[in-house]
Visitor: 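Got a structure here, written out as structure tokens. Questions coming.
Sequence lines set the chain letters: A, B, ... in the order given, protein chains first and strands last, and positions in each chain run from 1.
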Amino acid sequence: MTGHVESIPSSRGRVALHELSSGEGAGGLGLLLLHPLGASSEFWRARAPRWPGPIHALDFVGHGQSPPTEGRDYLPELLCADADAALVALGSPRVVAGAGLGAYIALLLAGVRSEDVVAALLEPGEGLAGAGPEPVHPQVVAEPAPCGEPVPVPDPIAIERLEASIRPPRYALDFSRHAQRLVMTGEPKQPTPWWDAVAEGPNAERAQGGWQPALDALSLA
Amino acid sequence: MQEPVDREAHPPERFSSVPTIDGELALYEWGHPDAPPLVLVHGFLDHGRGFDRLAPHLMADYRVVAFDARGHGRSARAESYGWENDVQDLARVIDFVGGSADLIAHSRGGGQALDASIAYPKRVHRVVDIDGFGPPPDGWETVDGVREDPPARDDLLGFLDRRRAAAMGRSWPTYPSFEALVERRGKQNPRLDPDWLRYFVFHAAKQTEDGWTWRADSHVTLHAGPWDVGWITPTWRSLRVPILAITGTERDAWGPASPELVAERLGDADYEHVTIPDTGHFVHMERPREVAEAALGWLKR
């Protein structure tokens, strides 16, 4: 695997995009990998995915080599905008694969950029379920963080806010309805209503046999 | 260009700033610095100087403090414009003026003030909320028809497209003249007194090489995510702060909220509702004296 990392602009600063493989000579579509909550592109590097094309992995803000947002606000939709920035930087069409939080963001991206994302491979992992399908009232606003405090990586506020994000099934379905193709592999460890709704809904299929075989099947499609 | 004259406006006596986690907020004060603090919270795409007509009626007995929300007026642009960022900024402003305050808040500021009272009960003493109760469940009826929330995917698509535009440095259009800006804002808020409108726009605007544009960051709409208007009422079941609701009666660009909607949103909260007739959404700009009388009468009880 190559080790090249590039800092790409998103409108909220910059994010780190790692090239795991240049895919030279393979001629296939590019693959963009989105990591679980609290992880980084290292998650994918350790897995060493095989894919007949260039492979890139994004570090979400406040994770890996992507600095935290200065305002320390985190939502899957805000992180989706960084994945969108990666699409702009890399070009399309592309296949996107995500694990945990990365899977939810891959779903959002596949639904919004339906022409650019030919398929999304989703698997369970950290940060998959968020806070569940409905808000708990009141949604508590945290104490303001002290000004000038150095922020650890991953940003603990990122973990907290992304775990608190609400994932209504009908909301998720509005994205899967527009996605070209969603392949869902594995089963969530905890009840995840959005995952079940999407898997039973349009444009989605459950894959048996593990992640790499599902990825292989996508590369042949 | 000289500041336009509005005889009812009284500029601030002191100017300062409050640091935030990612920038700073411009702050304006009237009245004695040792008097009890009264923090004024403006609405979306307004600014702290929008209280220049109201502040003079409050300053006799209070340290009146208005500020420009992040990305508005003279406050610094930020990368983050989530609702929570604003509510946390309000906590910072309250801490700056001593740690506890009464609030007078308008429109979006009203909603944020109520949420701040739930999140930070020690900081928020009482809230005067001027037409800040959220949209009605089916959306506002405007002259162009009912304005509905777009479906989730379309909403995020718009958000991602605006973020791509932001990354390319796109911003508000530039207008050829100050008067063109006044005309633009006047169309959105046709009820505002012409002298006040020019004064208000003057403080909302800045001159550039190419003409005039808004001071506000055009990316203040940078927020997305699942949100349902039906979440407001259950959240506000946790309201414990005394509230004075003030609304007008005349349909405007936004609102006003009907007494039925206010009652539904506030539920069993400790509140009173004052309606000011022949007034639209910007009650504190159209009727500053009446708003101040209602607020002071209630606050002094």
Visitor: Identify the heavy atoms of A:G13 and B:E79 that sit nearest to each other, and give their distance.
Guide: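 What the structure gives for the nearest pair is N-OE2, 3.2 Å.
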Visitor: Nearest 0.5 Å, please: how far is CG in A:D73 from CD in B:E84?
Guide: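 The CG atom of A:D73 is 8.5 Å from CD of B:E84, to the nearest 0.5 Å.
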Visitor: Using heavy atoms and a sub-4.5 Å threshold, report which of residues 156-181 of chain A line up against chain B, by residue number.
Guide: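 Within residues 156-181 of chain A, the residues that come under 4.5 Å of chain B (heavy atoms only) are A:R161, A:I166, A:P168, A:R170, A:Y171, A:D174, A:F175, A:H178.
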Visitor: Please classify the contact between B:D228 and chain A as side chain, backbone, both or neither, with a heavy-atom cut-off of under 4.5 Å.
Guide: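 Contact with chain A is through the side chain of B:D228 alone.
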Visitor: How close do A:P144 and B:Y120 get, counting heavy atoms only, and between which atoms?
Guide: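 Heavy atoms only, the tightest pair is CD-OH, 3.9 Å.
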Visitor: Determine the option with the most heavy-atom pairs under 4.5 angstrom with chain A, choosing from B:D161, B:L239, B:D115.
Guide: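 Greatest number of close heavy-atom pairs with chain A: B:D161.
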Visitor: If you look at every heavy atom in B:R163 and A:A81, which pair is closest and at what distance?
Guide: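 The pair with the smallest heavy-atom distance is NH1-CB, 3.1 Å.
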Visitor: For B:L160, is it the side chain, the backbone, both, or neither that has a heavy atom closer than 4.5 Å to a heavy atom of chain A?
Guide: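 Both backbone and side chain of B:L160 come within 4.5 Å of chain A.
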Visitor: Taking all atoms of both residues into account, what is the closest heavy-atom pair of B:I21 and A:P146, and its distance?
Guide: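 Between these two residues, the closest heavy atoms are CG1-O, 4.5 Å.
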Visitor: How long is the gap from CZ on A:R72 to CG on B:D22, to the nearest 0.5 Å?
Guide: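 So the CZ of A:R72 and the CG of B:D22 are separated by 11.0 Å.
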Visitor: To the nearest 0.5 Å, what is the distance between CG on B:L156 and CD on A:E77?
Guide: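 The distance works out to 6.0 Å.
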Visitor: Got a salt bridge between B:R164 and A:D84, using NZ or NE/NH1/NH2 to carboxylate O under 4.0 Å?
Guide: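 Here B:R164 pairs with A:D84 in a salt bridge, since their nearest N and O are under 4.0 Å apart.
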Visitor: Select one option (side chain, backbone, both, neither) describing which atoms of A:E143 are under 4.5 Å from chain B's heavy atoms.
Guide: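 Both backbone and side chain of A:E143 come within 4.5 Å of chain B.
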Visitor: What part of B:R77 lies closer than 4.5 angstrom to a heavy atom of chain A: side chain, backbone, both or neither?
Guide: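 The answer is neither part of B:R77.
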Visitor: Of the non-hydrogen atoms in B:R153 and A:V112, which two are nearest, and what is the gap between them?
Guide: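 Minimum heavy-atom contact is NH2-O, 3.2 Å.
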